[in-house]
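Taking it in order: structure first as structure tokens, then the write-up.
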Amino acid sequence: MQRFKAVLFDCDGVLVDSEPITNEVLRVMLGELGWHMSLDQCMAIFTGNAVKDKADLIAQNTGQLLTEVWLAEFRAKRNQALERELVAIPNIAPALQAIAAHYGNQLACASGADKFKVELQLNKVGLMFYFEDRIFSGHDLPRSKPYPDVYLAAAAHLGVDARDCAVVEDTTTGVQAGVAAGATVLGYSAAGTDSDHAQCLRQAGASLCFSDMAQLPGLVVALNDDHRF
């Protein structure tokens, strides 16, 4: 019996290598408000989280409330940087091709980022073909990750139970969202399966971790009760 009826993907850090780009823009802009930190520190705080969801923390460290005007400026500068610098995660294109050959349109992208950003990024790196109208943003729902809403919405759109989905994530926040939805979560850790990052993904509930997207189709097969593409 086939275990998975759909495969759901996070975007940032899973499909595209966007986190260093986005966080560098954020780091500079927060520095202008008086909160100075390294890129690594910024990524540790904000990776996997929507900036607006960290409004209280930003206010604590800058003494200023997060405004819609500031957020709009951040998104504009972020989008410009992504247009210049963004690349796909290594080996994700052939991995998607192999998975789509089996699952067809039962693939979706479920991101905590705003939908404009997700679509910009997928178009930029040539991966929109695999998702088209199956893109879901936590910004459009009552709650974003680590709550399960975005994964539940994606599964419902595909006409399947989230418990019958495989989810591919790279952050503890995202893993928690997938687990809360009832899905089986595969944790991507480019730093290696023995890294601290991979250990955090496992602790958050990932069923397994892997370090190369070339491995992903085979892992989906292995978890899918030995069903072969």
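Excluded from the calculations below are hydrogen atoms, water molecules and symmetry mates; all remaining heavy atoms, backbone and side chain alike, are included.
Proximity of S144 to D149: side-chain heavy atoms (C-beta onward) are nowhere separated by under 4.5 Å. L186 places none of its side-chain heavy atoms less than 4.5 Å from the side chain of V167. When side chains are defined from C-beta on, L15 does not count as touching I89, because their heavy atoms never get closer than 4.5 Å. You'll find the side chain of L201 reaches within 4.5 Å of the side chain of S189, heavy atoms only. With a 4.5 Å cut-off on side-chain heavy atoms, L120 and E83 count as touching. Put simply, the side chain of Y151 reaches to within 4.5 Å of the side chain of E169, judged on heavy atoms.
Rounded to the nearest 0.5 Å, atoms CG (N23) and CE (M43) are 5.5 Å apart. Expressed to the nearest 0.5 Å, how far CD of Q215 lies from OG1 of T193 amounts to 8.0 Å.
N91 is linked by a side chain to side chain donor-acceptor pair (under 3.5 Å) to D212, counting only residues two or more places apart in sequence or in another chain. For H157, the ring pair (Phe, Tyr, Trp, His ring centres under 6.0 Å) partners two or more places apart in sequence, or in a different chain, are F136. With sequence neighbours left out, E24 forms a side chain to side chain donor-acceptor pair (under 3.5 Å) with R27. Looking at residues two or more places apart in sequence or on another chain, you find a side chain to side chain contact (heavy atoms under 4.5 Å, CB included) between V179 and V175, V185. The side chain to side chain contact (heavy atoms under 4.5 Å, CB included) check on L158 picks up A6, L8, Q106, A108, R134, V160, with sequence neighbours excluded. D17 is linked by a salt bridge (charged side-chain N to carboxylate O under 4.0 Å, His left out) to nothing, counting only residues two or more places apart in sequence or in another chain. With sequence neighbours excluded, no residue forms a ring pair (Phe, Tyr, Trp, His ring centres under 6.0 Å) with Y147. Scored by the ring pair (Phe, Tyr, Trp, His ring centres under 6.0 Å) test, F210 finds Y188 as partners (sequence neighbours excluded). A search for salt bridge (charged side-chain N to carboxylate O under 4.0 Å, His left out) contacts involving K117 returns D12, not counting sequence neighbours. Legend: residues meeting side chain to side chain donor-acceptor pair (under 3.5 Å) with T47, ordered by chain and number and at least two apart, are absent. Looking at residues two or more places apart in sequence or on another chain, you find no side chain to side chain donor-acceptor pair (under 3.5 Å) involving Q199.
Partner of S18 under the side chain to side chain contact (heavy atoms under 4.5 Å, CB included) criterion, out of K124, Q121, E85: Q121 alone. Put simply, the residue from N49, T171, T173, D10 that forms a side chain to side chain donor-acceptor pair (under 3.5 Å) with K145 is D10.
Counted within 6.0 Å of CG on D196, heavy atoms from surrounding residues, nucleotides or ligands total 12 or fewer; the atom is thus considered open. Within 6.0 Å of CD in Q203 there are more than 12 heavy atoms belonging to other residues, nucleotides or ligands. For CZ of R143, the number of neighbouring non-hydrogen atoms (other residues, nucleotides, ligands) closer than 6.0 Å is greater than 12.
No donor-acceptor pair under 3.5 Å is formed between the side chain of E73 and the backbone N or O of W70. Panel note: side chain T22, backbone E19; no donor-acceptor pair is recorded below 3.5 Å. Side chain of N79 to backbone of R75: a donor-acceptor contact under 3.5 angstrom is found. A donor-acceptor pair under 3.5 Å links the side-chain atoms of N61 to the main chain of L57, judged by distance alone. K5 places no side-chain N or O within donor-acceptor distance of the main-chain N or O of Y103, the cut-off being under 3.5 Å.
Using a 3.5 Å distance cut-off with no hydrogens or angles, the side chains of S111 and S137 do not pair a donor with an acceptor.
Among pairs with a residue in residues 105-134, those fulfilling ring pair (Phe, Tyr, Trp, His ring centres under 6.0 Å) read F9-F131, at least two apart in sequence or across chains.
Under a hydrophobic-cluster definition in which Ile, Leu, Val, Met, Phe, Trp and Tyr are linked whenever side-chain heavy atoms come within less than 4.5 Å, directly or via other members, L86 and M213 are assigned to the same cluster.
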